[in-house]
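What follows is a set of notes on a single structure, which appears directly below.
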Amino acid sequence: MTFNFDLTHLERFAGSSTSIRRPRECTYFSYDDNHVLKPLSTESLACYYPPIFGAPGAQEVRPDLSVGFKTFRQRDDSVDEHLDGLLDTLQAHEESLLEKARSGEGELVDVRVKADVITWRGMMTKILTVAFDDFSDFEMNATSFQGTIFVEENHAYKAAQQRTQNAQQPRRGEASQEMMQYWGYKFEAISVIPKQWAEMTREEIESREVQTVSNHAQYCSIVRTGFGTTSLVIAGEVDCVMGEKPENPDQPIPWVELKTSAEPGNLANPREAVKYERKLMRYWAQSFLLGVPKLMVGYRTQDGFLTRIAKLETQRIPAQVKRGQHTWDGNICINLTSAFLEFLRQTIGDEEGVWRIRRRRNGRVIEMTKMEDAGTGNVLKESFKRHRETLRGLEISAALG
């Protein structure tokens, strides 16, 4: 049983964007230096503090992003983590709220984090950009439980894509895929500090360029947001914060997304401008979904030397593209995403089973195929399901008095 969401006739998604619920963090988690999950922990939250070079009185030597490649502590991403970090943290958060409700500090009805869809930011990025990304090629798994649809990446498909990509021979003069990925982690390592500047020593700050680079530690934000009539809970890694994270949950958090990129070509050349705008689309989508207001892009040479750092404001990127080659349209991205989420909810509904969401390169549809008729497959942990069933029982008992 397969259903298709049509990606042709994009003009039907044009015009003013549908209503958007501003992303607000509801909880968070960290992975430590050994990639051990720490629910409700800010242990791996970093602060933005860029390397200073090329300025009067600063070092003239441009940072070499290749330094330390041989000692890179790379996380083993062959393990399928499903939605585990997100679900374990939601459970810990809800258990904390339950304790407060039992002691009279809250209401039982507010304990469960309610949403129509719960997923990773990466899954929503693929949907948000699919209208203008002909190279997009993905598979996801989805299941419904207690009225909420949970969506994860199909790990086997992603792993196969990664193997194919890494096996490709680089073009003449280009670095390998592994090296270019490392440049991104190296730029992060020299652009952040693990605590507030006032708590850091000069030696700690200046030694960042020679420290071993690792991608084990992560800070992940879980936000409530929404597109049109669909409410979402999305989790994703955030690179760092500018200054401090405000204590007031109603205040926007000054997150910063870090990116590395080769210096763009001559943007007066339409071909180069289109290439640059496609990159901006992904930057915008990733940051927009979690409510990240700023990006810092480290531009580099072809051999990995940092040349400059440029600031981009997330909300201004669509207008910038509109004034250029207009390669993509932010309102169409948002409206299509809203329509797809409605299609997803109507297709899956509250029925049991596991669905495969698939889009092939240059494909003009997103396919949804039912793979399993019962259960939730491996998408949901049994411990999380038991936790949610306990909560549902408490909610029913409270409602009956």
Stepwise side-chain contact (heavy atoms from CB on, under 4.5 Å) test for W355 and I149: CA-CA 10 Å; W355 292 75; I149 296 171; over 6 Å; no
Side-chain donor or acceptor of R121 paired with backbone N/O of Q286 under 3.5 Å: yes
Apply side chain to side chain donor-acceptor pair (under 3.5 Å) to E237 and list each qualifying residue two or more places apart in sequence or on a separate chain. Q218
Under-4.0 Å salt bridge between D134 and R364: yes
To the closest 0.5 Å, what do you measure between CD (Q177) and CD (Q181)? 6.0 Å
Side-chain ion pair, R102 and E99, N-O less than 4.0 Å: yes
Ring-plane angle category for F343 and F5, please: parallel below 30°, perpendicular beyond 60°, tilted otherwise. tilted
Cation-pi geometry met for K294 and Y48 (6.0 Å, 45°): no
Has T314 got a side-chain atom pairing as donor or acceptor with P293's backbone, closer than 3.5 angstrom? yes
Of K114, K100, R392, R388, the residue whose pairing with E94 passes salt bridge (charged side-chain N to carboxylate O under 4.0 Å, His left out): R388
Can K381 and D88 be counted as an ion pair, charged N to O under 4.0 angstrom? yes
Run the side-chain donor-acceptor check on residues 221-231: report pairs under 3.5 Å with partners two or more places apart or on a different chain.
{"residue": "S221", "atom": "OG", "partner": "E25", "partner atom": "OE2", "Å": "2.7"}
{"residue": "T225", "atom": "OG1", "partner": "R21", "partner atom": "O", "Å": "2.7"}
{"residue": "T229", "atom": "OG1", "partner": "E342", "partner atom": "OE2", "Å": "3.4"}
{"residue": "T229", "atom": "OG1", "partner": "R345", "partner atom": "NH1", "Å": "3.4"}
{"residue": "T230", "atom": "OG1", "partner": "R345", "partner atom": "NH1", "Å": "2.9"}
{"residue": "S231", "atom": "OG", "partner": "D116", "partner atom": "N", "Å": "3.0"}
{"residue": "S231", "atom": "OG", "partner": "D116", "partner atom": "OD2", "Å": "3.2"}

So, Q196 side chain and G243 main chain: donor-acceptor pair closer than 3.5 Å or not? yes
Looking at R360, R358, R359, which one forms a side-chain hydrogen bond (donor to acceptor under 3.5 Å, both in side chains) with E367? R358
Just wondering, more than 12 heavy atoms not from K158 lying within 6.0 Å of its NZ? no
